[in-house]
Amino acid sequence: MRIRYLLLIFACEILPAASLLQGPMLGHVDDHSAKIWCALDEKGEVKIRISEDPNLKNAQVISGKDFEMGAISIDGLKADTLYHYQIEAHQYSKSARSHFRTMKPLGKSLKLRFMFSSCSGKTGSDEDAAWNDISQLNDVDLILMLGDNHYADSTNPEVITKHYLSHRSIGGFKRATSRIPTYGIWDDHDYGPNNSDGKTKGKEDSLEIFKAHWANPSYGEKGNPGIYFTYSIGDIQFILLDSRYHRTPNKSMDSTNPAKTLLGQKQLKWLEKTLSESTAKVKIVSGGSNFELQGSNDGFKGFKVEQKKILDLFQKTEGVILLSGDRHFTAGYHIGEKTIEITSGPLGSGTVTPKKTPDMFFKETEGKMFSIFEIDTLEETPKISLEVYLAGTGLIRTMNFSWKQVNGLEKITQEN
């Protein structure tokens, strides 16, 4: 036994040091490229083998040396094509083979299904049931994580990384995100302490560690750091906002003060410009904080001047649908009978019961939840439907929205 034990130690010592710690997680995918995120246990070489063949014959190999954590970009792919891939740190450290499909060409009409939710819970085990259900869905084209993706309540990179490790180690998350493009924005708990803002100490560290853990297409703008970005799939545009990095502290001034901002002036101008230049039929605008008029003071309700600006902007722009997180329940609002907002969650946190408001047309307040929008632009008038899922139960609600309702020309019937 002693000799065999010594031989085992010797064999381990000659193996390459760096091994795959987390991933792969599929990030931004368009009609010609993809980003794949992974992390090693220490710096080393990583390889991605990718092929149209499920056995990875004639695979293209993308290598990265001195790599530890981040997104690896793959270019030169074909549109609307199924690819198979595997990550390798060394011959004894490989991921399971997975696959993904590139998107249809930009501007092309399509039917797209995407999942969205928020509020993941204190540990990965809190959202295990939800991700197990998500991992079994075979018709979801992408995933939007709308903040509170962990509850580190810190800007310390080491603390944040430990919390990501907890959430990304559960089987359902790995099975789903290895094959479904996944995008993330933050809210307070995965940015810093509860209700944190632009004055939060260490926010620059929080930004850098966020960027290291996601494979989004971009982050903020030159001269204006943050996590906001936009991308398009076919003729559907996604606009994701940063509700923390440039925020005026919630209690620093009255909500009607014009100087009080949630987005910051530069991000607000970017949003206005992005919407004015959009040629997409449908625009999905997503934020960690809620938009609606009677919402939380930690949302746009606490920033009334800016709230009016953006709601006016949304109402005069055709085809806008709003998504939000943070609230620990799932609900729908028809803001001023003009713009639809869906808040979705929680994936793993506890639930709360909100007050009924004039704009609210439904609510779900029990259990772990996520939602799916299906958007079909194949016909001249887009078709929009919403599905709400309860972990361990399945589909609990389906709603169809007319194009007139999306554009504020027809009222949505409220529940009693």
Side-chain angles (χ1 to χ4, degrees), residues 18-29 34-44 46 48 64 66-73 87 89 95 98 116-124 126-127 131 134 142-170 172-193 196 200 202-220 225-229 231 240-245 286 288 325 347-348:
S19 295
L20 186 64
L21 177 64
Q22 282 193 326
M25 181 183 77
L26 193 61
H28 176 57
V29 175
K35 292 177 181 283
I36 298 175
W37 179 91
C38 67
L40 305 183
D41 58 358
E42 61 180 276
K43 284 188 177 181
V46 66
I48 296 180
D66 200 28
F67 177 93
E68 189 168 5
M69 176 191 297
I72 301 169
S73 297
I87 289 184
S95 70
S98 192
F116 60 102
S117 195
S118 65
C119 304
S120 294
K122 296 292 184 181
T123 69
D126 293 331
E127 54 180 336
W131 279 109
I134 296 165
L142 61 98
I143 293 170
L144 301 181
M145 299 291 289
L146 301 182
D148 292 343
N149 304 307
H150 59 73
Y151 283 70
D153 289 313
S154 172
T155 59
N156 184 313
E158 291 185 5
V159 174
I160 292 173
T161 296
K162 288 179 180 178
H163 279 261
Y164 273 123
L165 178 62
S166 171
H167 289 276
R168 295 187 177 183
S169 295
I170 60 175
F173 181 91
K174 293 192 288 188
R175 291 191 299 274
T177 62
S178 67
R179 61 181 177 82
I180 305 173
T182 303
Y183 302 79
I185 53 175
W186 59 24
D187 197 38
D188 49 352
H189 296 289
D190 50 344
Y191 165 72
S196 47
T200 298
K203 71 175 187 176
E204 295 84 2
D205 295 331
S206 190
L207 175 60
E208 291 308 307
I209 202 67
F210 181 93
K211 289 159 67 174
H213 277 90
W214 293 92
N216 293 337
S218 60
Y219 300 91
I227 61 162
Y228 59 98
F229 62 94
Y231 66 98
L240 290 99
L241 302 175
D242 185 332
S243 61
R244 294 291 160 181
Y245 201 84
S286 305
L347 269 176

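The chain is numbered in sequence order, starting from 1.
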Report the C-alpha separation of Thr182 and Leu26 in whole Å, then their side-chain angles, then the decisive distance to 0.1 Å, and conclude whether the side chain to side chain contact (heavy atoms under 4.5 Å, CB included) test is met.
CA-CA 6 Å; Thr182 303; Leu26 193 61; 5.7 Å; no
Under the 3.5 angstrom rule, does the side chain of Thr200 hit a backbone N or O of Gly192 as a donor-acceptor pair?
no
Just checking, Lys203 and Tyr191: is the charged tip under 6.0 Å from the six-membered ring centre and within 45° of the axis?
no
In the structure I gave you, are the side-chain heavy atoms of Glu158 and Ile209 within less than 4.5 Å of one another anywhere?
no
Tyr183 OH to Trp214 CH2 distance, which is reported to the nearest 0.5 Å
12.0 Å
Heavy-atom distance under 4.5 Å between the side chains of Tyr164 and Met69, does that happen here?
no
With rounding to the nearest 0.5 angstrom, report the NE2 to OG distance, His189 to Ser118.
10.5 Å
Closest heavy-atom contact between Pro24 and Ile87?
CB-CD1, 3.4 Å
Determine the minimum heavy-atom distance between Asp205 and Thr155, stating which atoms define it.
CB-O, 3.7 Å
Distance in Å, Leu207 CG paired with Arg244 CZ, rounded so as to fall on 0.5 Å steps:
15.0 Å
Is Ser206 close to Trp186 at the side-chain level, that is, under 4.5 Å between some pair of heavy atoms?
yes
What one should report as the nearest heavy-atom pair of Ala18 and Gly44 is CB-CA, 3.8 Å
Around Glu42, counting heavy atoms of other residues, nucleotides and ligands shown, do more than 12 lie under 6.0 Å from its CD?
yes
Sidechain-backbone polar pair: Ser218 side chain, Phe229 backbone, donor-acceptor under 3.5 Å:
no
Would you indicate whether the side-chain heavy atoms of Val46 and Cys38 approach each other to under 4.5 Å?
yes
Kindly give the heavy-atom pair with the smallest separation between Ser166 and Gly124, and that separation in Å.
OG-N, 2.9 Å
Nearest heavy-atom contact between Asp41 and Glu68 is O-OE2, 4.5 Å
Residue among His150, His163, Met145 satisfying side-chain contact (heavy atoms from CB on, under 4.5 Å) with Ser120
Met145
ring-ring contact (aromatic ring centres under 6.0 Å, His included) partners of Tyr228, counting only residues at least two apart:
Trp270
Taking the side chain as C-beta and beyond, is there a heavy-atom pair between Asp153 and Lys122 under 4.5 Å?
yes
Can you find a pair of side-chain heavy atoms, one from Pro225 and one from Tyr219, that are under 4.5 Å apart?
no
Taking only residues at least two apart or on different chains, which pairs with a member in residues 209-220 satisfy salt bridge (charged side-chain N to carboxylate O under 4.0 Å, His left out)?
Glu208-Lys211
Please tell me if the side chains of Asp187 and Leu146 come closer than 4.5 Å, counting only heavy atoms from C-beta onward.
no
List the steps and the verdict of side chain to side chain contact (heavy atoms under 4.5 Å, CB included) for Asn216 and His28.
CA-CA 5 Å; Asn216 293 337; His28 176 57; 6.0 Å; no
Could you walk me through whether Lys174 and Trp131 pass side chain to side chain contact (heavy atoms under 4.5 Å, CB included), step by step?
CA-CA 9 Å; Lys174 293 192 288 188; Trp131 279 109; over 6 Å; no
Between Asp242 and Ile185, is there a donor-acceptor pair closer than 3.5 Å when you use the side chain of the first and the backbone of the second?
no
State whether the side chain of His167 and the backbone N or O of Gly121 hold a donor-acceptor pair below 3.5 Å, judged by distance alone.
yes
Begin with the C-alpha distance, continue with both residues' side-chain angles, and end with the deciding distance and a verdict on side chain to side chain contact (heavy atoms under 4.5 Å, CB included) for Trp37 and Thr177.
CA-CA 10 Å; Trp37 179 91; Thr177 62; over 6 Å; no
Nearest 0.5 Å please: distance from the CD1 atom of Ile134 over to the CD1 atom of Ile180.
8.0 Å
What distance do Ile143 atom CD1 and Phe116 atom CZ have between them, rounded to the nearest 0.5 Å?
12.5 Å
Do the side chains of Leu40 and Leu21 get nearer than 4.5 Å, heavy atoms only?
no
Indicate the atoms forming the closest heavy-atom contact of Ala215 with Lys35, along with that distance.
O-CD, 3.7 Å
For the atom pair CD1 (Ile48) and CD1 (Ile36), what is the distance rounded to the nearest 0.5 Å?
4.0 Å
